[in-house]
Amino acid sequence: MPRAMRLLPLLLLVTAALEIMVFVLVARAVGFGWAFLLVLLASMAGLLLLRREGIRAWRRFRAAAEAGRPPGGQVTDGVVGLAGAVLLAVPGLVTGAVGLALALPPGRPVARHAVQRWAERRMSAAAAGGLFGP
């Protein structure tokens, strides 16, 4: 089993504890109703964004493939956009903030670059060149 999969239960537990702690702090600061409404609105926005990002990623991938360009950039951008939408859709303030950072233009290129570098390290140079270009 890969190391990341072994650490997944611990990561989920830490994330849940962090979400609860942040929610309690925000609820104390602005009130429970406002904190709950904020979580609800972020989750609804994430669900709407999830549909839009999925369709957008598929269209961009197809356009790159039809034009004969390497689709790696479109795939990476789609993965980042979908990850942001999923994190926004998950109820919670911390995951919502991270999802929003991935969904908005300032955070997207940074995350896209990190995902591309991660993928390039895990595949051969020929495969990376075919996916992302020279």
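The hydrophobic clustering, which links ILVMFWY residues whose side-chain heavy atoms are closer than 4.5 Å, places Leu38 and Phe32 together. In the hydrophobic clustering of ILVMFWY residues, with side-chain heavy atoms under 4.5 Å counting as a link, Met21 and Phe36 come out together. Residues Trp34 and Leu93 are members of one and the same hydrophobic cluster, defined by side-chain heavy-atom contacts under 4.5 angstrom among Ile, Leu, Val, Met, Phe, Trp and Tyr. When the side chains of ILVMFWY residues are joined at heavy-atom separations under 4.5 Å, either directly or via intervening members, Leu48 and Leu88 end up in two distinct hydrophobic clusters. The hydrophobic clustering, which links ILVMFWY residues whose side-chain heavy atoms are closer than 4.5 Å, places Val26 and Leu37 together.
Side-chain contact between Leu102 and Arg108 is absent, with no heavy atoms from C-beta onward closer than 4.5 Å.
For the pair Pro105 and Pro109, the tightest heavy-atom approach, listed with the atom from each and the gap, is O-CD, 2.8 Å. The nearest pair of heavy atoms linking Gly78 to Ala57 is CA-CB, 3.6 Å. Summarising the geometry of Ser43 relative to Pro91, their closest heavy-atom pair is OG-CA, 3.4 Å, with the distance given to 0.1 Å. Closest heavy-atom contact between Gly92 and Val39: N-CG1, 3.6 Å. Nearest heavy-atom pair, Asp77 versus Arg112, reported as atom, atom and distance to 0.1 Å: OD1-NH1, 2.8 Å.
Atoms CZ and CG, on Arg52 and Leu47 in that order, are 14.0 Å from each other to the nearest 0.5 Å. Distance CZ/Arg56 to CG/Leu82: 10.0 Å, rounded to 0.5 Å. The distance from atom OG1 of Thr95 to atom CG of Leu100, rounded to the nearest 0.5 Å, is 11.0 Å.
Shown here is Arg117, whose CZ atom has more than 12 heavy atoms of other residues, nucleotides or ligands within 6.0 Å.
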### Task
Take Arg62 and Trp58 through the test side chain to side chain contact (heavy atoms under 4.5 Å, CB included) and record every step on the way to the result.
CA-CA 6 Å; Arg62 284 189 38 194; Trp58 179 249; 3.1 Å; yes

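Of the candidates Leu11, Leu12, Leu13, Leu11 is the only one forming a side-chain contact (heavy atoms from CB on, under 4.5 Å) with Thr15.
In this structure, the side chain of Gln116 does not engage the main chain of Thr76 through any donor-acceptor pair within 3.5 Å. In this structure, the side chain of Glu53 does not engage the main chain of Ala85 through any donor-acceptor pair within 3.5 Å.
Comment: Glu66 does not engage Arg60 in a salt bridge, judged by the lack of any side-chain N to carboxylate O separation of less than 4.0 angstrom.
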